[in-house]
Number of protein chains: 2
Amino acid sequence: MVLTEKHKELIERIGVFHEHKGMQPLVGRIIGLLLVHEEGEVSFDEIVEQLGVSKSAVSNALTFLQAKGRCVYSTRPGDRKRYFALKVSDWREDFEKELQNIAEIQKFIDEVLEVRTEKNPEFNCKMRDFSNFLCFFKQEIPSLFERFKKQQA
Amino acid sequence: MVLTEKHKELIERIGVFHEHKGMQPLVGRIIGLLLVHEEGEVSFDEIVEQLGVSKSAVSNALTFLQAKGRCVYSTRPGDRKRYFALKVSDWREDFEKELQNIAEIQKFIDEVLEVRTEKNPEFNCKMRDFSNFLCFFKQEIPSLFERFKKQQA
DNA sequence: CGGTTAGTTCTGCAAATACAGAACTAAAAA
DNA sequence: TTTTTAGTTCTGTATTTGCAGAACTAACCG
């Protein structure tokens with residue numbers, strides 16, 4: 001597949017978006033390429049060529065993406081190459097994990113509340129309020145997906 | 001205020017939690033200290049002493065936290081020191097921003113769908129599905145806060 | 001068997017990060 | 001006015017990161 005300027009520019013922006021989420025540059029760009037590539041499956045070699053980076057860098061980035069469960073490869077009979085693709089199928093799971101992750105802060109808030117004195121009750125009160133909300137939020141996550149399902153039907 | 005081992009250990013863990021979110025180490029530790037410190041307001045000097053770091057590092061970290069709107073300082077009559085505190089009051093706003101932020105990926109999904117051909121309709125279908133969910137999710141955010149309010153009363 | 005293909009692992013380095021320490025600034029105190 | 005206080009900005013540096021390139025491995029090919 002031949003990438004237009006528009007494709008390349010979009011891949012770059014998807015790259016920096018993922019960089020901001022803490023991933024290393026090339027990892028984000030590979031996600032971009034796998035999203036934009038029309039077949040959805042891209043060989044190791046094509047990643048190297050399209051992104052103009054070294055084999056070692058691609059190898060490490062793909063190992064990372066597979067370890068994180070964001071990427072898989074398939075093979076074809078009579079062809080030794082590996083064709084990499086995003087696991088778009090798992091977007092519900094992934095999104096749920098992200099939501100749970102941002103609610104992780106509750107664990108710390110609760111620990112903080114345990115070690116705090118009552119010297120600043122106003123502060124403590126706001127923290128308890130936040131903790132309660134996070135608890136409520138976590139409970140609401142499953143029903144969020146259910147309501148989406150219903151709305152779709 | 002004198003910090004116990006438990007305090008220090010909790011500050012460190014809150015620090016690494018924030019490091020994983022992309023912040024620099026000291027910034028995370030300062031958030032930890034401001035959370036754990038019983039007065040909630042901590043002078044520049046005390047941050048330097050409690051965390052055992054240089055004034056310059058603290059100055060830069062506090063400038064960053066203030067720019068991000070996560071921290072403010074107040075002064076006291078006849079006292080030139082600045083007392084720094086977290087803006088715990090804004091947790092609703094902050095949390096909403098975080099939710100909006102993870103939904104930012106929709107923008108890219110939609111751009112990707114625009115440049116994609118119909119060569120892989122299955123892939124496109126899943127992406128559209130995800131985009132629809134993200135749209136639904138964004139709409140649901142305000143009602144989430146409302147339902148929490150009701151439940152509290 | 002040696003040669004090719006497909007990818008991994010190792011080694012090294014350029015650039016970025018995160019901080020220390022010194023020099024500096026601005027305001028208050030003496 | 002000089003000195004002290006409180007914090008900022010500048011300069012240098014140890015550490016980490018992100019990647020290139022070479023060496024390596026494992027399977028298949030001729």
Side-chain angles (χ1 to χ4, degrees), chain A residues 8 11-12 14-34 37 39 41-68 70-85, chain B residues 8 11-12 14-34 37 39 41-68 70-85:
Chain A
K8 289 178 191 169
I11 290 172
E12 286 306 309
I14 292 173
V16 303
F17 177 79
H18 284 91
E19 272 188 70
H20 290 321
K21 297 220 157 189
M23 290 178 180
Q24 70 186 57
L26 182 57
V27 170
R29 247 134 272 196
I30 290 179
I31 292 174
L33 176 61
L34 296 182
H37 200 280
E39 278 95 24
E41 293 195 317
V42 189
S43 74
F44 187 96
D45 273 353
E46 194 177 348
I47 297 173
V48 168
E49 282 158 30
Q50 297 280 16
L51 301 181
V53 289
S54 68
K55 289 203 297 171
S56 59
V58 170
S59 177
N60 288 324
L62 288 173
T63 302
F64 173 84
L65 280 171
Q66 291 173 92
K68 287 267 166 186
R70 295 219 36 186
C71 170
V72 287
Y73 70 83
S74 55
T75 50
R76 298 166 190 182
D79 183 352
R80 276 204 276 153
K81 290 189 180 181
R82 293 172 192 175
Y83 293 85
F84 292 87
Chain B
K8 289 178 191 168
I11 290 171
E12 287 305 309
I14 292 173
V16 304
F17 176 79
H18 284 91
E19 271 187 70
H20 290 321
K21 299 222 156 187
M23 292 179 179
Q24 71 187 53
L26 182 56
V27 170
R29 246 133 274 192
I30 289 179
I31 292 174
L33 177 59
L34 295 182
H37 199 281
E39 278 94 25
E41 294 195 316
V42 189
S43 75
F44 187 97
D45 274 353
E46 193 177 346
I47 296 173
V48 168
E49 282 157 30
Q50 296 281 17
L51 300 181
V53 289
S54 69
K55 290 203 296 171
S56 59
V58 170
S59 178
N60 288 325
L62 288 173
T63 301
F64 173 84
L65 281 171
Q66 291 173 91
K68 287 268 165 187
R70 295 220 35 187
C71 170
V72 287
Y73 70 83
S74 55
T75 50
R76 297 168 191 181
D79 183 352
R80 277 203 277 154
K81 290 188 179 181
R82 292 172 192 175
Y83 293 85
F84 293 87

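Throughout, a chain's letter reflects where its sequence line sits, starting with A, and its residues are numbered from 1.
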Which distance, rounded to the nearest 0.5 Å, do you find between the CG of B:Leu33 and the NZ of B:Lys8?
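Interatomic distance, B:Leu33 CG to B:Lys8 NZ, rounded to 0.5 Å: 11.5 Å.
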
Listing request: all salt bridge (Lys or Arg N to Asp or Glu O under 4.0 Å) pairs with a residue in residues 16-25 of chain A, at least two apart in sequence or in separate chains.
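Of all non-adjacent pairs touching residues 16-25 of chain A, those that pass salt bridge (Lys or Arg N to Asp or Glu O under 4.0 Å) are A:Glu19-A:Arg29, A:Lys21-A:Glu98.
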
Residue pairs passing the salt bridge (Lys or Arg N to Asp or Glu O under 4.0 Å) test where at least one lies in residues 41-52 of chain A, sequence neighbours excluded
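Counting only pairs at least two positions apart or across chains, the salt bridge (Lys or Arg N to Asp or Glu O under 4.0 Å) contacts touching residues 41-52 of chain A are A:Glu41-A:Arg76, A:Asp45-A:Lys81.
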
Quick check: closest heavy atoms across A:Ile30 and A:Ala61, and the distance to 0.1 Å?
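Looks like CD1-CB, 3.6 Å.
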
Please identify each residue that fulfils side-chain hydrogen bond (donor to acceptor under 3.5 Å, both in side chains) with A:Ser43, with sequence neighbours left out.
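By the side-chain hydrogen bond (donor to acceptor under 3.5 Å, both in side chains) rule, A:Ser43 matches no residue at all.
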
Please report, rounded to the nearest Å, how far the P atom of C:dC19 is from the CZ atom of B:Phe64.
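From B:Phe64 CZ to C:dC19 P: 12 Å.
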
By a strict heavy-atom criterion of less than 4.0 Å, which residues belonging to residues 54-62 of chain A are in contact with DNA chain C?
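Heavy-atom cutoff 4.0 Å gives A:Lys55, A:Ser56, A:Ser59.
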
Check each residue of residues 19-34 of chain A for a non-hydrogen atom within less than 4.0 Å of any atom in DNA chain C, then write out the ones that pass by number, or none.
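By residue number: none to list.
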
Tell me every residue that passes ring-ring contact (aromatic ring centres under 6.0 Å, His included) with B:Tyr73, counting only those two or more places apart in sequence or in another chain.
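Checked B:Tyr73 against ring-ring contact (aromatic ring centres under 6.0 Å, His included); matches are B:Phe84.
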
Sequence-distant partners of B:Phe17, ring-ring contact (aromatic ring centres under 6.0 Å, His included), two or more places apart:
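In terms of ring-ring contact (aromatic ring centres under 6.0 Å, His included), with neighbours along the sequence ignored, B:Phe17 is linked to A:Phe108.
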
Less than 4.5 Å apart, side chain to side chain, heavy atoms only: is that true for A:Arg82 and A:Thr75?
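The answer is yes; the side chains approach within 4.5 Å.
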
Under the side-chain hydrogen bond (donor to acceptor under 3.5 Å, both in side chains) definition, can you give me all pairs with a residue in residues 58-68 of chain A, not counting sequence neighbours?
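Sorted result for residues 58-68 of chain A: empty, none.
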
Upstream residue (5' side of DNA chain D) when B:Tyr83 and A:Gly52 are each assigned their closest nucleotide:
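Result of the comparison: B:Tyr83.
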
Heavy-atom contact window of chain A on DNA chain D, given 5' to 3' at under 4.0 Å
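Endpoints of the contacted stretch of DNA chain D: D:dG18 to D:dC28.
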
Residues in side chain to side chain contact (heavy atoms under 4.5 Å, CB included) with B:Val72, at least two apart?
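For B:Val72 the side chain to side chain contact (heavy atoms under 4.5 Å, CB included) partners, ignoring immediate neighbours, are B:Lys87.
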
